[in-house]
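The structure appears below as structure tokens.
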Amino acid sequence: LKADLLAAIDASSGLDALDAVRVQALGKQGAVTGLLKTLGQMSPEARQETGPRIHGLREAVTDAIAARKASLEGSALEAKLASETIDLTLPADAVPAGSVHPISQVMDELAEIFADLGFAVATGPEIEDDWHNFTALNIPETHPARAMHDTFYLAGEHEQPMVLRTHTSPVQIRTMTSTPPPIRIIAPGRVYRSDSDATHTPMFHQIEGLVIDKGLTLGHLKWTLETFLKAYFERDDIVLRLRPSYFPFTEPSVEVDVGYTLIKGKRVIGGGGDTATGGWMEVLGSGMVHRKVIEACGLDPNEWQGFAFGTGVDRLAMLKYGMDDLRAFFDGDLRWLKHYGFSA
Ligand code: PHE
């Protein structure tokens with residue numbers, strides 16, 4: 001019986017067949033189980049003589065089944081591995097990579113250019129109070145400039161009116177009231193005005209610059225803007241025109257135009273200006289920081305002077321990368337981003 005059972009175990013070709021042999025031998029009606037049952041009817045002497053042999057048989061069969069099972073499982077795993085090999089020569093599926101949004105990229109470019117000129121990056125809250133956004137910037141309550149800003153006011157009762165900042169200039173105030181001069185900062189960020197068409201969105205981006213030191217003049221301002229615009233537009237032939245203008249927080253105030261050249265009907269920044277094929281494009285508002293602003297921040301305007309400038313980041317991006325509709329920046333349309341090379 002032992003030899004038959006061991007042979008059957010060895011011959012079983014799969015786990016199911018092996019289990020059938022196990023039931024035949026060790027199951028309730030199995031041959032080995034049957035033999036074990038006969039022990040009860042034997043005389044003590046016979047039992048002593050036969051018992052160990054039957055138990056030995058059961059042990060041998062149990063061990064043989066376990067060994068065969070392990071070997072069958074091993075080959076099953078091997079077969080599975082063989083059938084499931086990965087073909088490393090297949091081309092991989094393309095995973096679309098994300099990319100930096102043009103506005104973020106331009107803000108990074110600007111921060112890098114100004115870092116080289118020794119400017120730190122400063123930030124301020126987008127929900128701003130009336131004092132920082134207007135009053136400290138020499139825009140008192142009755143000032144007509146407030147109407148120009150199409151301000152979003154926050155509902156509810158506040159100690160003073162709260163607004164979505166209409167420009168990045170309040171960061172000038174926050175910096176001067178928290179950092180002792182000399183100061184050299186830029187402040188890029190979101191600003192809000194109730195306005196919407198092809199060139200205006202209710203949320204847009206500005207970058208502010210502020211330098212406070214001793215003995216600064218418009219000449220320093222002009223050099224700084226020229227150096228920055230040359231680096232940003234990657235051209236040496238940048239020509240600037242400073243036009244007298246008005247901002248409540250700078251005196252004198254200048255609007256800065258940059259020369260462009262008409263090439264096949266397109267305005268290309270660089271050269272241009274008062275030439276037959278050129279013209280001027282307004283790019284920046286700026287001026288010498290008004291003494292009232294310096295005073296409002298607790299500094300002595302006889303000791304400290306400086307200049308400030310502000311411009312639209314979105315506009316700078318459009319000029320450099322040739323986009324024509326500001327609203328597209330905020331549509332999140334991957335086809336548009338791809339068209340301008342900003343998406344993989
Ligand atoms: N804050 C002005 C604006 O939003 C720009 C500006 C900044 C002008 C700094 C002068 C100095 O139009």
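Small disclaimer: the values here were computed from a predicted structure and weren't measured. Scope of the values below: all heavy atoms of this structure, side chains included, with no hydrogens, waters or symmetry mates. As the structure lists them, so they are numbered: ligands from 1, and atoms in each ligand from 1.
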Do Phe330 and His205 make the cut of ring centroids closer than 6.0 angstrom?
yes
Pair Tyr340 + His101: ring centers closer than 6.0 Å:
no
Min heavy-atom dist Arg193 to ligand 1 below 4.0 Å
yes
Look only at interatomic distance and state if Thr250 has a nitrogen or oxygen under 3.5 Å from any nitrogen or oxygen of ligand 1.
no
Here the atoms of ligand 1 under 4.0 Å from any heavy atom belonging to Gln206 are 3 (C), 4 (O)
If the cut-off is 4.0 Å to any non-hydrogen atom of Gln172, which atoms of ligand 1 fall inside it?
9 (C)
Is any N or O atom of Ser169, backbone or side chain, closer than 3.5 Å to an N or O atom of ligand 1?
yes
Under 3.5 Å, is there a donor-acceptor pair between the Gln105 and Tyr321 side chains?
yes
Nearest-0.5 Å distance that lies between atom CD in Gln172 and atom OG1 in Thr250
8.5 Å
For Ser286, the atoms of ligand 1 under 4.0 Å from one of its heavy atoms are 8 (C), 10 (C), 11 (C)
Is the ring centre of Phe309 less than 6.0 Å from the ring centre of Phe114?
yes
Sub-4.0 Å atoms of ligand 1 with respect to non-hydrogen atoms of Glu208
7 (C), 9 (C)
Quick one: nearest non-hydrogen protein atom to atom 2 (C) of ligand 1, plus distance?
Phe249 CZ, 3.8 Å
Is Lys320 positioned over the aromatic face of Phe233, cation under 6.0 angstrom from the ring centre and no more than 45 degrees off axis?
no
